[in-house]
Student: 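I am attaching a structure below and will ask some questions about it afterwards.
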Number of protein chains: 2
Amino acid sequence: MNKTISHNIVIVDDHSLFASSLEKLVNSFNNFNVLYHAKNGRDLQQKLKDYSELPEIILLDLNMPVMDGFETMEWLHENHKKIKVLVLTMEDDEGKILKMLSNGAKGYLLKDIHPDKLNEALVQTLEKGYYHSEKVAESLLHSLHSNDTEKPTFKEREIDFMKLACSEMTYKEIADKMNLSPKTIDGYRQDLFNKLDVKNRVGLVIYALKNDISKI
Amino acid sequence: MNKTISHNIVIVDDHSLFASSLEKLVNSFNNFNVLYHAKNGRDLQQKLKDYSELPEIILLDLNMPVMDGFETMEWLHENHKKIKVLVLTMEDDEGKILKMLSNGAKGYLLKDIHPDKLNEALVQTLEKGYYHSEKVAESLLHSLHSNDTEKPTFKEREIDFMKLACSEMTYKEIADKMNLSPKTIDGYRQDLFNKLDVKNRVGLVIYALKNDISKI
DNA sequence: ATAGAAAACAGGGAAAAACCCTTTTTTAAA
DNA sequence: TTTAAAAAAGGGTTTTTCCCTGTTTTCTAT
């Protein structure tokens with residue numbers, strides 16, 4: 001039995017197999033103890049209420065149903081400033097990294113890291129208050145130098161259109177489906193091409209898929 | 001200390017965090033013991049040689065660098081018939097399920113299952129020799145009823161073309177890049193449209209992405 | 001109430017994509 | 001060597017896409 005204090009961790013991930021497995025791993029680290037895990041942000045909110053003990057660190061996934069990592073991060077930042085959040089996800093998208101860090105995440109880890117790195121991250125987060133891997137540092141620098149990362153904003157109908165554009169429908173058929181004139185659709189198309197700096201419909205489709213606007 | 005025999009498991013997954021975590025979970029099950037884990041098929045081949053003990057069950061991921069789950073399955077089927085392979089992956093694609101099962105996998109599990117299901121699968125695989133979840137059974141039935149699943153076969157150049165079609169290049173530019181006449185490209189396009197039953201280039205792009213012919 | 005902005009709508013014209021049918025060249029097989 | 005099949009091109013037409021430039025409608029803020 002060790003006399004040193006065990007630090008409480010909470011895991012938020014919708015994949016229960018991964019969460020359960022990770023729990024065992026974290027428990028095997030020195031001085032770390034998983035309190036519980038939550039399926040998503042909403043579930044976490046409930047459990048933070050139900051349990052008397054608060055975690056020191058939350059390991060947070062991004063892609064989750066009901067309430068995803070981004071929403072959860074915002075909520076935690078508002079309501080539980082003391083809890084340190086480490087993002088643990090598959091997504092290595094620069095924009096997402098930046099978004100989460102600027103929302104108050106103390107670190108960003110990719111799910112394919114070595115277990116030792118996770119241990120290191122947990123320890124450092126307690127000691128220094130944050131953990132930044134080389135990869136994340138790189139991304140940050142890169143985004144500073146190329147200040148093109150201003151993500152465009154879309155109107156509702158533009159998003160509807162983009163989703164439909166990721167199909168075999170012609171623009172005329174899309175116009176029909178959206179109850180708009182083909183020329184209006186042509187306007188959306190044009191605006192999007194300019195905004196996203198793409199040359200043709202395939203470019204638009206690729207953009208929509210890359211940015212999770214549409215799924216196939 | 002339990003006197004019952006512990007059954008040896010091997011995990012094959014390129015995500016070392018997941019593999020390490022899963023190892024802890026499997027070790028926590030009754031009568032199961034993880035011998036080691038491998039990063040990919042090639043790594044597994046080496047380790048099967050190096051270790052005197054063979055596993056009874058291998059938990060196999062599909063998406064891996066160097067030597068993926070499909071190749072690995074084939075090799076195991078040829079060289080280690082006695083080892084029972086359970087596929088453990090994110091991919092719920094019907095074609096992949098069928099491919100792996102027909103290659104000799106004893107079960108197909110999705111990574112978002114509950115830990116108890118994994119335990120159940122391991123036990124059943126030892127007892128009955130296989131494990132089939134409801135989801136997989138469904139897929140099998142579905143594929144029987146809709147016998148459209150005959151995947152078309154592609155020529156080398158067709159695949160090259162499809163990859164290039166998943167970009168903003170025009171057909172003329174693609175022809176240039178492939179050192180062919182635009183008319184030849186038009187022939188490829190026509191054949192593919194017929195073969196894949198798609199109406200236009202967007203349809204082709206979606207097909208190529210869905211079937212991992214091209215990635216974005 | 002009204003100016004200004006955003007959204008919807010639209011015409012003309014050029015380029016690309018899609019479609020269909022035919023021909024030559026290569027390759028492989030009988 | 002003839003035959004057949006596959007690969008590569010060509011000609012020509014229709015449809016869709018793309019791009020530029022406008023007008024009308026709708027909403028919103030002062």
Side-chain angles (χ1 to χ4, degrees), chain A residues 95 148-216, chain B residues 95 148-216:
Chain A
D148 49 10
T149 329
E150 315 146 22
K151 275 209 177 164
T153 152
F154 302 111
K155 302 165 216 157
E156 282 301 314
R157 299 294 268 172
E158 274 183 339
I159 292 174
D160 295 341
F161 164 67
M162 269 195 279
K163 286 179 182 171
L164 293 172
C166 296
S167 77
E168 291 189 46
M169 273 188 273
T170 66
Y171 290 139
K172 201 186 289 183
E173 288 167 337
I174 293 174
D176 261 21
K177 189 147 226 168
M178 292 180 68
N179 291 317
L180 294 171
S181 146
K183 281 300 180 182
T184 307
I185 290 299
D186 196 49
Y188 286 153
R189 183 197 55 70
Q190 185 85 323
D191 282 352
L192 284 169
F193 279 18
N194 292 332
K195 196 151 45 174
L196 307 178
D197 196 30
V198 298
K199 284 189 191 67
N200 51 41
R201 183 161 164 184
V202 175
L204 182 65
V205 169
I206 290 171
Y207 179 92
L209 294 175
K210 267 192 182 164
N211 293 273
D212 288 325
I213 290 157
S214 178
K215 292 175 186 28
I216 53 170
Chain B
D148 50 9
T149 328
E150 315 148 22
K151 275 209 178 164
T153 152
F154 302 111
K155 303 163 216 154
E156 283 300 314
R157 298 295 269 172
E158 275 183 340
I159 292 174
D160 295 342
F161 163 66
M162 268 196 280
K163 284 180 182 170
L164 293 172
C166 296
S167 77
E168 290 189 47
M169 273 188 271
T170 67
Y171 288 139
K172 202 186 289 184
E173 289 166 337
I174 292 173
D176 260 20
K177 191 149 225 165
M178 291 179 70
N179 289 319
L180 292 170
S181 145
K183 280 299 176 178
T184 307
I185 291 299
D186 194 51
Y188 287 154
R189 182 198 56 71
Q190 185 90 316
D191 283 352
L192 284 169
F193 279 18
N194 291 333
K195 195 150 48 173
L196 306 178
D197 197 32
V198 299
K199 284 190 190 67
N200 51 42
R201 184 159 162 183
V202 176
L204 182 65
V205 168
I206 290 171
Y207 179 91
L209 294 176
K210 265 191 182 167
N211 292 275
D212 287 324
I213 290 158
S214 178
K215 293 174 190 21
I216 53 169

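Residue numbers begin at 1 in each chain, while the letters A, B, ... track the order of the sequences.
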Student: Would you say A:T184 reaches C:dC9's phosphate, i.e. side-chain N/O to OP1/OP2 under 4.0 Å?
Tutor: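 Answer is yes, contact under 4.0 Å.
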
Student: Would you indicate which nucleotide in C:dC20, C:dA8, D:dC18 comes nearest to any side-chain atom of B:D186?
Tutor: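 Shortest atom-to-atom distance from the side chain points to C:dC20.
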
Student: Under 4.0 Å between a side-chain N/O of A:Y188 and OP1 or OP2 of C:dA7, yes or no?
Tutor: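 So the side chain of A:Y188 is outside the cut-off, no N or O lying under 4.0 Å from OP1 or OP2 of C:dA7.
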
Student: A:Y171 side chain N/O closer than 4.0 Å to the phosphate oxygens (OP1, OP2) of D:dC18?
Tutor: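 So the side-chain polar atoms of A:Y171 do come within 4.0 Å of the phosphate oxygens OP1 or OP2 of D:dC18, strictly under.
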
Student: Give a yes/no on whether any side-chain N or O of A:S181 is located under 4.0 angstrom from OP1 or OP2 of C:dA10.
Tutor: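 For A:S181, the contact criterion (side-chain N or O under 4.0 Å from OP1 or OP2 of C:dA10) is met.
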
Student: Using heavy-atom distances to pick each residue's nearest nucleotide on DNA chain D, tell me which of A:R189 and B:K155 is more 5'.
Tutor: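 The residue mapped nearer the 5' terminus is B:K155.
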
Student: Could you tell me whether a side-chain N or O of B:N200 sits under 3.5 Å from a main-chain N or O of B:V202, the two making a donor and an acceptor?
Tutor: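 Side chain of B:N200 to backbone of B:V202: a pair is present.
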
Student: Counting only side-chain nitrogens and oxygens, does B:K199 get under 4.0 Å of the OP1 or OP2 atom of C:dA18?
Tutor: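 For C:dA18, OP1/OP2 do not have a side-chain N/O of B:K199 under 4.0 Å.
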
Student: Considering only heavy atoms from C-beta outward, does the side chain of A:F161 approach that of A:L192 to under 4.5 Å?
Tutor: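 Answer yes - side chains close enough.
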
Student: Could you check how far CD of B:Q190 sits from P of D:dA9, rounded to whole Å?
Tutor: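 To the nearest whole Å, that distance equals 17 Å.
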
Student: Rounded to whole angstroms, how far apart are CE on A:M178 and P on C:dA7?
Tutor: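 Rounding to the nearest Å, CE of A:M178 and P of C:dA7 are 13 Å apart.
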
Student: Decide if atom CG of A:D212 counts as having more than 12 heavy atoms of other residues, nucleotides or ligands within a radius under 6.0 Å.
Tutor: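 Yes, CG of A:D212 has more than 12 neighbouring heavy atoms, counting only those of other groups under 6.0 Å.
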
Student: Take the protein atom CD of A:E156 and the nucleotide atom P of C:dA7, then report the distance between them rounded to whole Å.
Tutor: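 From A:E156 CD to C:dA7 P: 11 Å.
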
Student: Measure CZ/B:R201 against P/C:dA15 and give the value in whole Å, please.
Tutor: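 That distance rounds to 18 Å.
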
Student: Which value, rounded to the nearest 0.5 Å, describes the distance between A:I174 atom CD1 and A:S167 atom OG?
Tutor: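 Going from the CD1 atom of A:I174 to the OG atom of A:S167 covers 5.5 Å.
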
Student: Is A:K172 close enough to D:dT16 that one of its side-chain N or O atoms is under 4.0 Å from OP1 or OP2 there?
Tutor: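 Yes, within the criterion.
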
Student: Between A:N179 (CG) and C:dA7 (P), how many Å, whole number?
Tutor: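 It works out to 19 Å between those atoms.
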
Student: Can you check the B:R157 CZ to D:dA9 C1' distance for me, whole Å?
Tutor: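 In whole Å, D:dA9 C1' lies 14 Å from B:R157 CZ.
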
Student: Honestly, is B:R189 close enough over B:F193, meaning NZ or CZ under 6.0 Å from the six-membered ring centre and within 45° of the axis?
Tutor: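 Yes.
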
Student: Check whether the side chain of A:K183 and the base of C:dG12 form a donor-acceptor pair under 3.5 Å.
Tutor: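 In this structure, the two groups form a donor-acceptor pair.
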
Student: Measure CG/B:L204 against P/C:dC19 and give the value in whole Å, please.
Tutor: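 My rounded result for the distance is 12 Å.
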
Student: I need the CG-P distance between B:N200 and C:dA17, as an integer number of Å.
Tutor: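 Roughly 12 Å, once rounded to whole Å.
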
